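Presented below is the structure to which this report refers.
Because the structure is predicted, anything quoted here is derived from the model rather than measured. Below, all heavy atoms of this structure are taken into account, side chains as well, without hydrogens, waters or symmetry copies. Just so it is clear: chains get the letters A, B, ... in the order the sequence lines come, proteins before strands, and each one is counted from 1.
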Amino acid sequence: MEEIFAKYTPKEIEAKWYKFWLSKNYFRSEVSTTKQSFSIVIPPPNVTGFLHMGHALNTTLQDVLIRYKRMQGFNTLWLPGTDHAGIATQNVVEKYLAKKGVTRNDLGREKFIERVWEWKEKYGDTIITQLKGLGASCDWSKLRFTMDDGFSTAVREVFIRLYNEGLIYRNNYIINWCPRCQTALSDIEVDYKEVKGHLYYIKYPVKNSKEYVVVATTRPETMFGDTAVAIHPDDNRYLKFLGKTIILPIAKREIPVISDSYVELKFGTGIVKVTPAHDPSDFEAGLRHNLETINVINPDATMNEKAGKYKGMDRYVCRQVLLKDLQKAEYIVKVEDHQHAVGHCYRCNTAVEPHLSLQWFVKMKPLAEPAICAVKEGKIKFHPAHWTNTYFEWMDNIKDWCISRQIWWGHRLPVWYCKDCKEIHVSSTQIDTCKKCGGTKLYQDTDVLDTWFSSALWPFATLGWPQETPELKHFYPTSVLSTGFDIIFFWVARMTMFGLKFMGDVPFKEVYIHALVRDLEGAKMSKSRGNTIEPEIIIQKYGTDALRFTLTALAAQGRDIYLAEDRIEGYRNFTNKIWNAARFVCTNLSDFNPLEVKCEKLKLELSDRWIISRFNKVTNSMTQHLANYHFNEAAQSIYNFFWHEFCDWYIELAKPRLKKTGALFTHPNDVQLSKQTAQYVLYYVLNGALRLLHPIMPFITEEIWHGLPAHSESIMIATWPEIVKGEINDKAEEEMNLLIEVITAIRNMRSELQISPAKKIEAIFNVEDESTKKILEYNSSYLVEMAKLDRLLIAIKTDKPEDSAAIVVGRIIIYLLLSKIVDIEAQKNKLIKEIEKIKLGLEKLSARLSDEKFLQNAPVEVIGNDKKKQQEYIDKKTQLELHLQMLQKE
RNA sequence: GGGCGCGUAGCUCAGAUGGUUAGAGUGCUUGCUUGACAUGCAAGAGGUCACAGGUUCGAUUCCUGUCGCGCCCACCA
């Protein structure tokens, strides 16, 4: 025992217990017919991932839920895995290769992909190891990867089914293009950032006329792709130009003037240059007016041959050169500063280019409708609920999803084309012969799918779909999805759509949206900002349990987490407190065996009944809070209970009993029985509290568990405490609260009078009624111990002795006998201050209680409470005033 | 331009379906090497619950508006 509790070294015990749990297969889940299932699929981190605070938070919260449900007897599954993260991983590996002087084009597609797999084998487990370090109780035997064989089958299956239903189509459309990653992006993969740019006003001459129109543009370099100039149909200023022909400056190409209501009258000059190949709204306008599309920018964002002499220049270089030329030719009317939102690639932060190209799309409306219904009908609940708004807002305005990516790392489209007749074949296996013309020159599409396409299948593909596995049947729909709000669109919405489409049911019943972890300035933690607090470092410094408790305690709903290291330090102190309290309790249980104790023989004292009652209430509160995802409150309630009730009061009160010194006043219990009772209660409460703490702090609780007498194999598989109604004892709580108040008041006075903590003093209690007298008498040993008294007398209506300081607690007056009072003035001032406070409260109360309207409208309990309170105030005030008078006489 | 969230102690944050003496951690002040713990113990100071109206017997809590902060969405080129 002493050995076990010698010193708390988180690092050692963490590794030890994690290994132990694994060896016992506690994390493994089997399909059970008797137990109800509780399942969570982990948001798969990128294989390139390195544990950051966001992961730590989300992992902790999921583990809290899983461990808590496991203890409650559910058949739990927490399914782990990683995501191949197409663009992100390709970028990482390209950078890795660049250090060796190799580009992906040097290698070619096949070799490059081989290298990515090699990289994955070597480094892809980093994040998994880190999750284990956090204590995550995932079923590692079911670890999945979004590009493993089973998953690839599922992806192809989904693609084919959607294609056959006409929900996947190929089209030439304007999409977001990242010139650096050289691939298409979906709309939500573009981050819009405010950029300080310019609005250029350029003259566009009217053919056969001295007149010209002035267009305003932020992107003059796209003018080589202009195929019209547009005005608003109601704009009287410019109607005269309708039908006229414009000569495009520099290019000298002729373009028409059209009218379209998408033109904003108030912006710029009210005349727009229309560039269908390089602007999404112009593209739409082009379709409405049958305009030609002229692509003038290469995929790498340099100008192409359509830009004439500017060919080969980067888009921004071209802009500058062109502007000079326009200026020289006097086409520029003016230039204004202009702030506007520019889209950037969410992976590499390069300004994206609207780009007309042949891409694959998913038709979203038919998929979105059932997904909207599912949330409206409450089949999926968001916590906090307000995120449903975000979900609906996006779903209601959903646009088709561009799913083809021109990169190499990912799920290749299961599409083959016939070179001869151009027929498209969609198939789960290689196609060699054209079904239409019989030709044999077939080639597979070179594009891969958006990573999020495969992520959308995560909840069911990981359980074996498209096969009808027992796991799928038992664990789908999953119970909860825990994730950040930033991927509601990317992931949550799409999983919902695909789950409903292919499983006929929602993928999860609840969605918990956790907070974003920020630094103290409120900035999102990120490596590039250099403001990260690394979980690994924190764990090293304070232990995993301290980090987990901190994150849980800060996980309030609807608010971001501003993490500071001293917060973690504070909760590290809590682990230390737990450790020491347990050490104290366990060393005092060496002669105690819970299995041999006959409960009915024990004689519970007030403090016993009180702490047991409090324990039951805390059990209740924790269970409720966890059920509602109020993690912070769950953590708070066990923290307060453990430290400020169990340690500060109960253990302190139990000490003399353990020391066999017995009570000062004769207590009905004999000393031995009192000790044994205290041991029983200490054991009972510590045991229960550890189980309540375990989901949040798995390691330290397991370590202590094994120091408890008669402990079971592991706390991990112990049962979650249940409330025993008969143990809730409001009367005991009330009485104990009175004692706490009395003791605190005496300590306060001692402190103010600067009486040494070591000095014992004598006290006389003046009470008004027999029942209060009894409570104090029965528990006088508590008063003696906790308030450091050497003698005490409890009397009904006694006078103030000489040389005494008086304290008023409710209706009780406490006289502390002192050889001489140090500072009468200070005492008086304190009394006066207190009286003032009471008077103020009393005034408010009296005013309310004499208000007819209040008496008529307020509920009876409220009036009753107020009346009770009023009486208490009056009593206290009387006592206080009495003592002030007495002091003044002295 | 829409939408959402947030302004509570010096700092970081809880909380109340409307009635509490408005809480915690941290910081601060004072006193303690108390036989588990100085990563600790005890005591204390510190708040017009952003501001202004409204509803109500009663608002810090509900409603409206104002100001401040943050975020998301949106084709003003």
Polar atoms only, N or O, under 3.5 Å: list the protein pairs with nucleotides 25-35 of chain B and their distances.
| residue | atom | partner | partner atom | Å |
| --- | --- | --- | --- | --- |
| B/rG25 | OP1 | A/His644 | NE2 | 3.3 |

Show each protein N/O and nucleotides 73-77 of chain B N/O combination with a separation under 3.5 Å, one pair to a line.
| residue | atom | partner | partner atom | Å |
| --- | --- | --- | --- | --- |
| B/rC73 | O2' | A/Glu393 | OE2 | 3.3 |
| B/rC76 | O2 | A/Glu264 | OE1 | 3.3 |
| B/rA77 | OP2 | A/His338 | NE2 | 3.3 |
| B/rA77 | N6 | A/Glu264 | O | 3.2 |
| B/rA77 | N6 | A/Phe267 | O | 3.2 |
| B/rA77 | N1 | A/Glu264 | N | 3.1 |

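A heavy-atom distance below 4.5 Å is found between the side chains of A/Tyr201 and A/Thr269.
Here A/Asp648 pairs with A/Trp643, A/His644 under the side chain to side chain contact (heavy atoms under 4.5 Å, CB included) rule; sequence neighbours left out. With sequence neighbours left out, the side chain to side chain contact (heavy atoms under 4.5 Å, CB included) criterion links A/Gln540 to A/Lys11. Remark: A/Gln871 pairs with A/Asp875 by the side chain to side chain donor-acceptor pair (under 3.5 Å) rule, at least two apart or across chains. Residues satisfying the side chain to side chain donor-acceptor pair (under 3.5 Å) criterion with A/Glu393, sequence neighbours excluded, are absent altogether. Not a single salt bridge (Lys or Arg N to Asp or Glu O under 4.0 Å) links A/Asp187 to another residue, sequence neighbours left out. In this structure, the side chain to side chain contact (heavy atoms under 4.5 Å, CB included) partners of A/Phe267, at least two apart in sequence or on a different chain, are A/Leu199, A/Glu264, A/His338. Residues meeting the side chain to side chain donor-acceptor pair (under 3.5 Å) test with A/Arg219, sequence neighbours left out: A/Glu221, A/Glu353. In this view, A/Gln636 and A/Ala553, A/Tyr571, A/Tyr639, A/Asn640 satisfy the side chain to side chain contact (heavy atoms under 4.5 Å, CB included) rule, not counting sequence neighbours.
Side chain of A/Glu189 to main chain of A/Ser186: a donor-acceptor pair is present (N/O by atom type, distance under 3.5 Å, no hydrogens or angles). Under the 3.5 Å distance criterion, the side-chain polar atoms of A/Asn748 are left unmatched by any main-chain donor or acceptor of A/Thr744.
Nucleotides B/rG19 and B/rU60 place their P atoms 11 Å apart, quoted to the nearest Å. Distance check on atom P: B/rG53 versus B/rG15 gives 28 Å, rounded to whole Å. Comparing the same atom, P, in B/rG1 and in B/rU61 gives a spacing of 28 Å after rounding to whole Å. Rounded to whole Å, the separation between the P atoms of B/rA14 and B/rA50 comes to 14 Å. Taking atom P on both nucleotides, B/rG31 is separated from B/rA24 by 23 Å, rounded to a whole Å. The gap from the C1' atom of B/rC51 to that of B/rG27 amounts to 29 Å, rounded to the nearest Å. Taking the P atoms as reference points, B/rC49 lies 27 Å from B/rC28, given to the whole Å. On the C1' atoms, B/rA9 is 15 Å away from B/rU29, given to the nearest whole Å.
Sequence order on RNA chain B of the closest nucleotides to A/Pro859 and A/Ala553 puts A/Ala553 first from the 5' end. Toward the 5′ end of RNA chain B lies the nearest nucleotide of A/Arg848, the other residue of the pair A/Asn857 and A/Arg848 mapping further downstream.
Between A/Lys759 atom NZ and B/rA42 atom C1' there is a gap of 18 Å when expressed in whole angstrom units. The CG atom of A/Leu589 sits 14 Å away from the P atom of B/rA36 (whole-angstrom rounding). Across the protein-nucleic acid pair, A/His630 atom NE2 and B/rU17 atom P stand 12 Å apart, rounded to whole Å. The nearest whole Å value for the distance from the NE2 atom in A/His386 to the C1' atom in B/rC4 is 6 Å. Straight-line distance from the CZ atom of A/Phe382 to the P atom of B/rG5: 15 Å, rounded to whole Å. The distance between atom CZ of A/Phe642 and atom P of B/rA36, rounded to the nearest whole Å, is 15 Å. Between the CG atom of A/Asp396 and the C1' atom of B/rG2 there is a distance of 14 Å, given to the nearest Å. Atom CZ of A/Phe641 and atom P of B/rG23 are 21 Å apart (whole Å).
Taking only side-chain nitrogens and oxygens, A/Arg747 comes nearer than 4.0 Å to OP1 or OP2 of B/rA43.
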Taking distance alone, no hydrogens or angles, what donor-acceptor pairs closer than 3.5 Å link side-chain atoms of residues 270-278 of chain A to residues at least two apart or in another chain?
| residue | atom | partner | partner atom | Å |
| --- | --- | --- | --- | --- |
| A/Lys273 | NZ | A/Thr222 | OG1 | 2.6 |
| A/Lys273 | NZ | A/Asp226 | OD1 | 3.0 |
| A/Lys273 | NZ | A/Thr275 | OG1 | 3.0 |
| A/Thr275 | OG1 | A/Asp226 | OD1 | 2.7 |
| A/His278 | NE2 | A/Asn295 | OD1 | 3.4 |
| A/His278 | NE2 | A/Val296 | N | 2.9 |

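Residue A/Glu633 is classed as a sugar-phosphate contact, given heavy-atom separations below 4.0 Å to backbone atoms only. Among the protein residues, A/Thr575 comes within range of no part of the nucleic acid, since none of its heavy atoms lies under 4.0 Å from any strand. Nucleic acid contact class of A/Asp648 (heavy atoms, under 4.0 Å, all strands): sugar-phosphate only.
One N or O donor and one acceptor, one from the side chain of A/Glu652 and one from the base of B/rA36, sit under 3.5 Å apart.
Candidate nucleotides B/rG19, B/rC57, B/rA14 were compared by shortest atom distance to the side chain of A/Lys853, and B/rC57 ranks first.
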Secondary-structure notation, RNA chain B, from Watson-Crick and G-U pairs under 3.5 angstrom (| other strand): (((((((..((((.....[...)))).(((((.......))))).....(((((..]....))))))))))))....
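Below 30°, between 30° and 60°, or above 60°: for A/Phe646 and A/Phe641 the angle between ring planes is below 30°, a parallel geometry.
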